[in-house]
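Only one structure is covered here, and it is reproduced in the block below.
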Amino acid sequence: MDFIQWFVQGFIYLFVTPMQHEFMVKAVLVSALVGLVCSALSCYMTLKGWALMGDAVSHAVLPGVVIAYVMNIPLAIGAFVFGVGSVIAIGFIKAKTRIKEDTVIGLVFTGFFALGLVLVSKIRSTIDLTHILFGNVLGISDSDIIQTVIISVITLVTLAILRKDLILFCFDSTHARSIGLNTTFLYYTLLSLLSLTAVAGLQTVGIILVVAMLVTPGATAYLLSDRFDHMTLIAMALGVFSSVMGTYISYHIDGSTGGCIVVLQTILFVVAMIFAPKHGIIAQSKDIEVNY
Amino acid sequence: MGNISIDIENVTVAYHGKVALHSASIKLEEGVICGLVGMNGAGKSTLFKAIMGFVTPVRGNVSIHGLPIRQVQKRNLVAYVPQSEEVDWKFPVDVYDVVMMGRYGYMNLLRIPRSIDKQVVKESLERVGLWDMRFKQIGELSGGQKKRAFFARALAQQATVLLLDEPFAGVDIKTEKLMIDMLMELRQAGYTILISTHDLSSITTFCDQVILINRTILAYGNTSEVFTEENLSRTFGGSVGDFSGAKANSRDQY
Ligand SMILES: Nc1ncnc2c1ncn2[C@@H]1O[C@H](COP(=O)(O)OP(=O)(O)O)[C@@H](O)[C@H]1O
Ligand SMILES: [Mg+2]
């Protein structure tokens, strides 16, 4: 009896009381949505091997965000232009020079990011660099919420419609081409979604950590399933869970929201890495014993 | 004489300015199995890629049933099995999913399988003997089974033109025999099959025609006329010797 009472009170204190603040309601809802969208996309990123690309695009959007801010147009548009632009630049340099791809990626995204830093520092305005770099979901504005919702809807609808084609594109793009699918279109679709979700993720965890949102849930789910559909559902559940819990934790400990979310995601990954039924370290070592 | 199915006209392909295939012209009729024979680096895979439009010829033109290749692909008229599957074997798809990918061209935008698609996939899997393995993750298959799975996907496409690049490389004799039997069935159904292979001994048993290739078409026509010791030594630079019993090392292209 006492225990139940204690439990209920604890639950109310941890999860219900914070909701008296309007900003917490908004923060939890936005985090959940961003967690959902980023983790849905993260399955494609991990399977396509685009983690580095995700990191590049999310950093390269910075100048776009600043320019859009100055021009007073939606940040997503600026981010989109620079996100896709950075990838086109990467492809161009790779094709025209003898430099290896990972070097080109590292070179391009830091260049764009540095340009963004210069722009932020020179444009005297209310734009707050720390919010862009580290996120500010506890102080998110209504217009940012609307933008996040629009991006989320676009991304989820696109993924729902093109799901099978994108899976095929990630798995076997030669076959995709040979049955007449437009792989260039699929490539740029995936890339555009990456740029858009980078902006959505920017609101909650910031530019620096957004790549974690776009990689970690997919990687964790990949260790837990051999079926793409299950993997997606697991990733989305993990993404929403860690976003919501991370936001609460950051409220209670008064710490960085992005940091809390990503630390939580990483802990979940480590747990899966060790204990996953088939692909975890323990299961794998048992496998070897059996085989001996 | 059947209708012309694959029409390759004076095709020249170059990589970075270096010519890999020079002025190739071939006309294949319906209901023909044609073997493509040549050394490593002779341009066999290049010819397949040129037919599929994956490399753009410097000169020349390819059509299938009189249509440009993009149209052919969109109408599910051609199925292509590349030399080595450049796929991620740990990808979370099972054998059934992979074969179902051969049906996407017939489905609506959402690629929801209809009962006909499920039926064709089942038949294709049964024909290659992998129906019982259908729920296995693709990487859990053996080498020969992987080849059979991708062959089943090509079957599921129900395309009347089949392009097979070294389908017997690295497979066991049993699988090779099973695939040859199936190809002969498909020929009966009017399929046109272009197949490159290192196994010279089996060519005479199932190929109606042969193309001998070394950076250009050296000889091409009915197997009985073209597949002569003299032509083969020209193709392989005199290194074949007694070709009739020789099975060239099928892994040497890796
Ligand atoms: N992507 C490519 N880039 C540059 N050269 C290539 C490429 N693909 C093939 N080649 C060259 O073209 C020639 C023919 O290759 P290929 O068609 O693969 O021969 P085969 O399939 O008969 O072994 C070889 O000399 C090969 O090195
Ligand atoms: Mg080859």
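Residue numbering restarts at 1 for every chain, and letters A, B, ... go by the order of the sequence lines.
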Contact residues of residues 208-226 of chain A (partner chain B; heavy-atom separation under 4.5 angstrom): A:Y222, A:S225, A:D226

query: Which of residues 33-56 of chain A have a heavy atom under 4.5 Å from any heavy atom of chain B?
result: A:L47

- request: Test side-chain contact (heavy atoms from CB on, under 4.5 Å) on B:L110 and A:K164 and set out the steps.
  value: CA-CA 7 Å; B:L110 294 177; A:K164 292 278 180 74; over 6 Å; no

query: Side-chain contact, heavy-atom cut-off 4.5 Å: B:R111 with A:D165?
result: yes

- prompt: For chain B, which residues from residues 181-202 of chain A have at least one heavy atom closer than 4.5 Å to it?
  reply: A:L181, A:N182

task: Can you tell which part of B:M101 gets under 4.5 Å to a heavy atom of chain A, answering side chain, backbone, both or neither?
output: both

field: Residue part contacting chain A, namely of B:Q71, when any heavy atom lies under 4.5 Å
entry: neither

query: So, A:D172 and B:R153, do they make that salt bridge, N to O below 4.0 Å?
result: yes

- request: List in chain and number order the residues that pass ring-ring contact (aromatic ring centres under 6.0 Å, His included) with B:F54, two or more places apart in sequence or in another chain; answer none if no residue qualifies.
  value: B:Y80

field: B:V98, part contacting chain A, at a heavy-atom distance under 4.5 Å
entry: side chain

- request: State, to 0.1 Å, how close B:P92 and A:M231 come at their nearest heavy-atom pair, and which atoms those are.
  value: CG-SD, 3.8 Å

- prompt: So A:F171 and B:F150, would you call those rings parallel, tilted or perpendicular, with 30° and 60° as cut-offs?
  reply: parallel

- prompt: Less than 4.5 Å apart, any side-chain heavy atom of A:I179 and any of B:Q73?
  reply: no

message: Quick one, B:K90 and A:H279 - any side-chain contact, counting heavy atoms below 4.5 Å?
response: no

task: May I ask you to name which of A:S173, A:S178, A:A160 has the most heavy-atom pairs under 4.5 Å with chain B?
output: A:S178

